[in-house]
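Keep in mind that the numbers below use all heavy atoms, side chains included, and drop hydrogens, waters and symmetry copies.
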Amino acid sequence: MFHPNTPVPGPEIHIATAIREARQSWRVFDDLLDLLPRHRHRMVHDCRAAFLEGDVFTKRLRQDLESLLDDLASNLERETEWRIATVEVGAIGDEPLFDDRLVRSRTDRGLALAKVLDRLSGPAEKILHAHALIDAQQVFDRLQPT
């Protein structure tokens with residue numbers, strides 16, 4: 001049962017998890033170099049170095065990571081084509097029943113982007129979550145009476 005005087009664990013556990021996942025997933029940035037425009041390569045190299053060193057709690061990395069995830073999502077959307085396909089869903093007697101379905105198809109580049117985005121989103125989510133916890137803890141500490 002929760003007791004009001006029981007200390008609530010701080011963001012330390014989330015921070016440690018984020019650092020561990022970052023150090024384990026730095027290789028995903030090597031795959032990004034082939035998929036993103038050349039003007040994004042510097043950002044990718046900076047993120048890769050931060051992940052490799054476990055230095056993931058800087059304001060610049062947070063901004064770079066958010067920008068990189070947005071770029072990946074927008075590039076993935078451009079490489080995705082949506083169309084309506086008619087498929088046979090059954091039959092009544094000898095008459096087939098058809099239904100329209102929304103079908104997604106991706107280019108080879110789109111499939112590669114989706115794979116990289118999937119591999120990057122887990123560690124990135126943990127890092128951004130830990131950033132939010134740190135920010136919340138700082139606000140909480142400022143509001144506490146001295």
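In this structure, CD1 in Ile84 is found 6.0 Å from CG in Asp100, a value given to the nearest 0.5 Å. Atoms NE2 and CG, on His45 and Leu52 in that order, are 13.0 Å from each other to the nearest 0.5 Å. Between the CD atom in Glu125 and the CD atom in Glu21 there is a gap of 9.5 Å [rounded to 0.5 Å].
Side chains of Thr17 and Arg20 form a contact here, defined as non-hydrogen atoms less than 4.5 Å apart. Within the 4.5 Å cutoff, the side chain of Val116 has heavy atoms near those of the Val28 side chain.
Pairing each heavy atom of Pro123 with each of Leu120, the nearest pair is CD-O, 3.4 Å. In plain terms, the two heavy atoms of Arg106 and Thr80 that are nearest each other are NE-OG1, 3.1 Å. The heavy-atom pair separating Ile19 from Gly54 by the smallest distance is CG1-O, 4.0 Å. The two residues Ala22 and Val56 come nearest to each other via the heavy atoms CB-CG1, 3.7 Å.
By the neighbour-count criterion of 12 heavy atoms within 6.0 Å, atom CG of Asp99 is densely surrounded, having more than that number from other residues, nucleotides or ligands. Around the CD atom of Gln24, the shell of radius 6.0 Å holds more than 12 heavy atoms that belong to other residues, nucleotides or ligands. More than 12 heavy atoms of other residues, nucleotides or ligands lie within 6.0 Å of CG in Leu143, so this atom counts as buried by the packing criterion. By the neighbour-count criterion of 12 heavy atoms within 6.0 Å, atom CD1 of Ile92 is sparsely surrounded, having that number or fewer from other residues, nucleotides or ligands.
Leu102 and Val87 are members of different hydrophobic clusters when ILVMFWY side chains are connected at heavy-atom separations under 4.5 Å.
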### Task
Check the pair Asn75, Glu79 against side chain to side chain donor-acceptor pair (under 3.5 Å), reporting the backbone distance first and the verdict last.
CA-CA 6 Å; Asn75 283 336; Glu79 298 293 328; over 6 Å; no

Under 3.5 Å donor-acceptor pairs involving side-chain atoms of residues 62-72, not counting sequence neighbours:
unit_1, atom_1, unit_2, atom_2, d
Arg62, NH1, Asp135, OD2, 2.7
Asp71, OD2, Arg40, NE, 2.4
Asp71, OD2, Arg40, NH2, 2.9

Quick one: side chains of residues 29-39, donor-acceptor pairs under 3.5 Å with protein atoms, not counting sequence neighbours, listed by atom name and distance.
unit_1, atom_1, unit_2, atom_2, d
Asp30, OD1, Arg48, NE, 2.8
Asp31, OD2, Arg119, NH1, 2.6
Asp31, OD2, Arg119, NH2, 3.4

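For the pair Arg23 (side chain) and Glu53 (backbone), a donor-acceptor distance under 3.5 Å is present.
A ring pair (Phe, Tyr, Trp, His ring centres under 6.0 Å) check over residues 80-133, counting only residues at least two apart or in different chains, returns the pairs His14-His129, Phe57-His131.
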